[in-house]
Amino acid sequence: MAAPDPTDQPETPDAIIVGAGLAGLVAASELVDAGKRVLIVEQEPAASLGGQAHWSFGGLFLIDSPEQRRMGVRDSLELARQDWAGTAGFDRDEDEWGRRWADAYLEFAAGEKRAWLHGKGVRFFPVVGWAERGDGRPSGHGNSVPRFHITWGTGPGVLAPFIARVRAGEAAGLVAFRHRHRVDELIVEQGAVVGVRGAVLADDDAGRGEPSNREVVGEFEFRSPAVVVSSGGIGGNAELVRQYWPARMGEPPRDFLTGVPAHVDGRMLPIAESAGARLVNSDRMWHYTEGITNWDPVWPNHGIRILPGPSSLWFDATGSRLPVPLFPGFDTLGTLEHLMATGHAHSWFVLTQQIIEKEFALSGSEQNPDLTGKDLRLLAQRVRAGAPGPVEAFKQHGVDFVVADTLPELLEGMRGLSGDAPLDTERVEREIRARDRELDNEFSKDLQLAAIRSARNYRGDKLIRVATPHRILDPKAGPLIAVKLHLLTRKTLGGIQTDLDSRALDANGAPVPGLYAAGEAAGFGGGGIHGYRALEGTFLGGCLFTGRAAGRAIARD
C-alpha cells in the first residue's frame, strides 16, 4: 500500500466534510458564504455528487405556505406540532435532542424555510400533496392537512443551488473535492477530532448510483479543526438493516428491495462512535411497503416505491384485506408492522386502469421526467387519459404487475406470483365483490370509501390524485390490475446524537470537540428528529436544516 502523498494535502481547510450528499453540500455552501475553506471527502466517483437527494421526488414539508393557502388548506404551527408529536411518539431518554430538533425544525418549516429556499431559486409545484394521511386519530400519527410540497425539478432541483454555490467556491479556491477517498478513521488527539484518515480508491467510471470498486491504491490523511460527518444512513446495507431491525416488528424479512444505492452503507456511523460520538435509536427505521422491482435497475436489487392514492384495495400475502385504517398512503410503518406480523413481507394492490391513471405515481427523480425536467408539455399529460409514461412502462415490463380483463384471470396471475405464500383467491374475490356492493349508495360503512370521498373534498386530490369512486369490477374502468408489493429499504431514523449546532455529543451529553454530524447520519437532527415515524417531506428538509446548522456553527466558532 502506498504511503500518503503529501502533495494530495490541500491547504489546511477550516472544515472537512465527509460525504457529498445534500447535507454536506448545504454545510459547505454556508461555509463558502462565510469565506471559509472546505475540503469535501467522498468515497464515490464525481458522477454521484448529491448522493441520495438526486434520486428523490423532491418533496419538502412546509407549514402554512402560499401554495397551501392557494389550494384552500388551512395549516398552522400548532396543528403541525400536534401532528409531529402524535407521529414521533418520543418515549426514550435519548429523545431529548430529537425533541429539541423537532421544535426548531417546525419553527423553521413555518417560518424562514420557504423564503430561504425561494431566495436560492427553488420553486414548487402548485398542487400540495397529502402524504401519510394518518391513523384516524387527531392526536395520532399523520398529517392532518396536505403539506408535501414537490420541488419543481424534484431532487436535482433541491440540490441545484447548493451545488452551484459549492462549485463557485471551488472556482474561488475555497472548496476542494477528493472523490474516491474513503474515510476509515477520524483522527482524535487530546480528546478532539482533528482530521480524517483513509484509503484512496481506484478510479471508476461508474455512473450515478451504480456500484463502484473498492480497490485500494493509496492512503490519505487530512487535518482540520472541524469535521462534519454527512455520509447518510444504512439503507443500502442489507446486513446492517437486519442487524438493527426493531424487535417490535419481529424477525427481519428474508427478502426486500433496496431503495437507495449500495454506497449508502452506514460505515461512518461506527467510525464516528469510535471517535467518541454517541449513536442512538439504531432500531428506528423508515422502510416502505409499496416497493416494486425496477425493470431497469441502476443499483443491485433496485426497487421503486409506488406513491399511491387511496383507492386501491390492499391485501396481505394470504389474501386478507388490510384492516382499517391501513389504506394506501395513510400509515407507512403501521402497515409494515401489520404485514410483518403475518409472516410475509409482500402484499398486493388490486385496482383498475382508471385508478392507476389517476392515482399511481412513482417515487424518484428519474421516474418523473416532467417534474424533474421542468417540462410543462409533458406535465400536462398527467391530467389527460392514460397512465404517466413511467407508470405505464412498469405496467408493461415490471415483473410485479398482473393485468387481466376478467377477475378469474387476475386471480390466476396473482397465484403465479405468490411464491410460498398461501394466497386465498376466494377471499380476495369475496372482498372485492363486497366492496363493490357498497357503491350502490353515496353513503357506506366501508371506511376506505369514506376516506376516498373525504380526500376528494380537497381540490388538489380531486384534480390529479384521487379517482372517482367506482366498482373495481366495472368493465368500463378496466382492465383489472394487481401489483405485488415488496418491502423497500429507505431511511435511517436514528444516528449520531447532536445538539442544535449539529455538534456530535458523547455518552455524557457533552460535545465531542471538532466533530459535527448532519443529515441522515445524525438521524436528521439530534440522533432522531422523527422519533418512531415521519410525516414525509421531512427527510430532505432535515438534511437542509442540519447541514445549514453545521455550516453556520463552524463558520461562527
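Positions are given from 1, in the same order as the sequence printed here.
- The backbone N or O of Leu535 lies less than 3.5 Å from no partner atom in the side chain of Thr87, so there is not a single donor-acceptor pair.
- Side-chain atoms of Lys358 do not come within 3.5 Å of backbone N or O of Thr468 as any donor-acceptor pair.
- In this structure, CE on Met414 lies 9.0 Å from CG on Leu407, to the nearest 0.5 angstrom.
- Minimum interatomic distance between Gly59 and Phe148 (heavy atoms only, all atoms of both residues): CA-CZ, 3.4 Å.
- Checked by atom type and distance alone, the side chain of Asp436 pairs as donor or acceptor with a backbone atom of Leu473 at under 3.5 Å.
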> Given Leu336 and Tyr288, is the side-chain contact (heavy atoms from CB on, under 4.5 Å) satisfied, shown in steps?
Replying inline: CA-CA 7 Å; Leu336 176 57; Tyr288 293 108; over 6 Å; no

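- Taken to the nearest 0.5 Å, the OG atom of Ser312 stands 8.0 Å off from the CD1 atom of Ile306.
- Under the 3.5 Å distance criterion, the side-chain polar atoms of Asp135 are matched with a main-chain donor or acceptor of His141.
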>> side-chain hydrogen bond (donor to acceptor under 3.5 Å, both in side chains), that's the test. Do Asp83 and Ser144 meet it? Break it down for me.
In response: CA-CA 7 Å; Asp83 288 347; Ser144 296; 2.8 Å; yes

> Going through the distances and angles, do Phe57 and Glu536 end up as a side-chain contact (heavy atoms from CB on, under 4.5 Å)?
Replying inline: CA-CA 11 Å; Phe57 198 31; Glu536 290 288 18; over 6 Å; no

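- Taking CG of Asp370 as the start and CG of Leu378 as the end, the distance is 4.5 Å to the nearest 0.5 Å.
- For Arg248, the CZ atom is densely surrounded, since the number of other residues' heavy atoms within 6.0 Å is greater than 12.
- Of the possible polar contacts, one joining the Arg123 side chain to the His118 backbone as a donor-acceptor pair under 3.5 Å is found.
- Under the 3.5 Å distance criterion, with hydrogens and angles disregarded, no donor-acceptor pair is assigned to the side chains of Lys476 and Gln354.
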>> For a side-chain contact (heavy atoms from CB on, under 4.5 Å) check, start with the C-alpha distance between Arg321 and Arg435, then their side-chain angles and the critical distance, and finish with the verdict.
In response: CA-CA 11 Å; Arg321 189 173 171 187; Arg435 181 266 188 195; 3.9 Å; yes

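- Looking at every heavy atom in both residues, Ile472 comes nearest to Leu351 through CD1-CA, 4.4 Å.
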>> Quick one, His344 with Thr318, criterion side-chain hydrogen bond (donor to acceptor under 3.5 Å, both in side chains). Give me CA distance, side-chain angles, the key distance, then yes/no.
In response: CA-CA 8 Å; His344 303 281; Thr318 71; over 6 Å; no

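- The CG atom of Leu540 sits 14.0 Å away from the NE2 atom of His149 when rounded to the nearest 0.5 Å.
- With hydrogens and angles disregarded, no donor-acceptor distance shorter than 3.5 Å links the side chain of Thr492 to the backbone of Gly233.
- With a 4.5 Å cut-off on side-chain heavy atoms, Leu60 and Thr538 do not count as touching.
- Within a 6.0 Å sphere centred on NZ of Lys120, other residues, nucleotides and ligands contribute more than 12 heavy atoms.
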>> Checking Asp316 against Ser347 for the side-chain hydrogen bond (donor to acceptor under 3.5 Å, both in side chains) test, could you report, in this order, the C-alpha distance in whole Å, the side-chain angles of both residues, the deciding distance, and whether it holds?
In response: CA-CA 4 Å; Asp316 68 20; Ser347 60; over 6 Å; no

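- Ring geometry for Phe125 versus Trp152: interplanar angle under 30°, hence parallel rather than tilted (30 to 60°).
- The six-membered or imidazole ring of Trp299 lies away from that of His263, with a centre-to-centre distance of 6.0 Å or more.
- Considering every non-hydrogen atom in both Arg490 and Gly259, the closest pair reads NE-O, 3.5 Å.
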> Between Asp331 and Arg533, does a salt bridge (Lys or Arg N to Asp or Glu O under 4.0 Å) hold up when you go through it step by step?
Replying inline: CA-CA 9 Å; Asp331 186 350; Arg533 287 184 168 101; 3.3 Å; yes

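- With rounding to the nearest 0.5 angstrom, the CD atom of Gln448 is 9.5 Å from the CG atom of Leu322.
- In summary, the side chains of Asn281 and Arg92 do present a donor paired with an acceptor at a separation below 3.5 Å, with no hydrogens or angles considered.
- Residue Pro261 comes nearest to Trp55 through the heavy atom pair CG-NE1, 4.0 Å, listed as atom of the first residue, atom of the second, then distance.
- Using a 4.0 Å cut-off between charged nitrogen and carboxylate oxygen, Glu431 and Arg427 do not count as a salt-bridge pair.
- Ring geometry, Phe539 versus Phe524: the interplanar angle falls from 30° to 60°, so the pair is classed tilted.
- Aromatic rings of Phe349 and Trp314 (six-membered ring for Trp) have centroids within the 6.0 Å cut-off, being under it.
- No hydrogens or angles considered: a donor-acceptor pair under 3.5 Å links the side chains of Asp75 and Gln68.
- Under the side chain to side chain donor-acceptor pair (under 3.5 Å) test applied with Arg305, the options His287, Glu290, Gln367 reduce to a single match, Glu290.
- The main-chain N or O of Asn457 is never found under 3.5 Å from a side-chain atom of Asp461 such that the two would form a donor-acceptor pair.
- Between the side chains of Thr425 and Arg415, at least one donor-acceptor pair of N or O atoms lies under 3.5 Å.
- Residues Trp295 and Val399 are not in side-chain contact: their nearest non-hydrogen atoms beyond the backbone lie 4.5 Å or more apart.
- With respect to Arg377 and Asp375, no salt bridge is recorded, no charged nitrogen being found less than 4.0 Å from a carboxylate O.
- Arg114 and Glu67 are joined by a salt bridge, as a carboxylate oxygen and a charged side-chain nitrogen come within less than 4.0 angstrom of each other.
- With hydrogens and angles ignored, the 3.5 Å screen pairs a side-chain donor or acceptor of Trp130 with a backbone N or O of Asn143.
- A donor-acceptor pair shorter than 3.5 Å can be found between the side chains of Thr332 and Glu132.
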> Passes side-chain contact (heavy atoms from CB on, under 4.5 Å), Phe61 versus Tyr105? Steps please.
Replying inline: CA-CA 10 Å; Phe61 178 95; Tyr105 180 71; 4.0 Å; yes

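- Counting all heavy atoms, side chain and backbone alike, Ala102 lies closest to Trp84 at CB-NE1, 3.4 Å.
- Side-chain polar atoms of Gln353 and Glu357 form a donor-acceptor pair below 3.5 angstrom.
- Under a 4.0 Å N-O distance rule, the pair Arg471/Asp440 qualifies as a salt bridge.
- Other residues, nucleotides and ligands contribute over 12 non-hydrogen atoms within 6.0 Å of the CD atom of Gln396.
- Interatomic distance, Ser363 OG to Ile304 CD1, rounded to the nearest 0.5 Å: 7.0 Å.
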>> Ser365 vs Thr154, test: side-chain hydrogen bond (donor to acceptor under 3.5 Å, both in side chains). Steps then yes/no.
In response: CA-CA 6 Å; Ser365 57; Thr154 66; 4.6 Å; no

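- Side chain of Thr342 to backbone of Leu339: a donor-acceptor contact under 3.5 angstrom is found.
- In this structure, the side chain of Lys491 does not engage the main chain of Glu520 through any donor-acceptor pair within 3.5 Å.
- By the 30° and 60° cut-offs, the orientation of the rings of His486 relative to His346 is tilted.
- The minimum heavy-atom distance between Ala345 and Met340, with the atom names listed, is CB-SD, 4.3 Å.
- In this structure, Arg284 forms a cation-pi arrangement with Tyr532, its terminal cationic atom sitting closer than 6.0 Å to the ring centre and no more than 45° off the ring axis.
- In this structure the side chain of Arg147 reaches within 4.5 angstrom of the side chain of Leu79, judged on heavy atoms.
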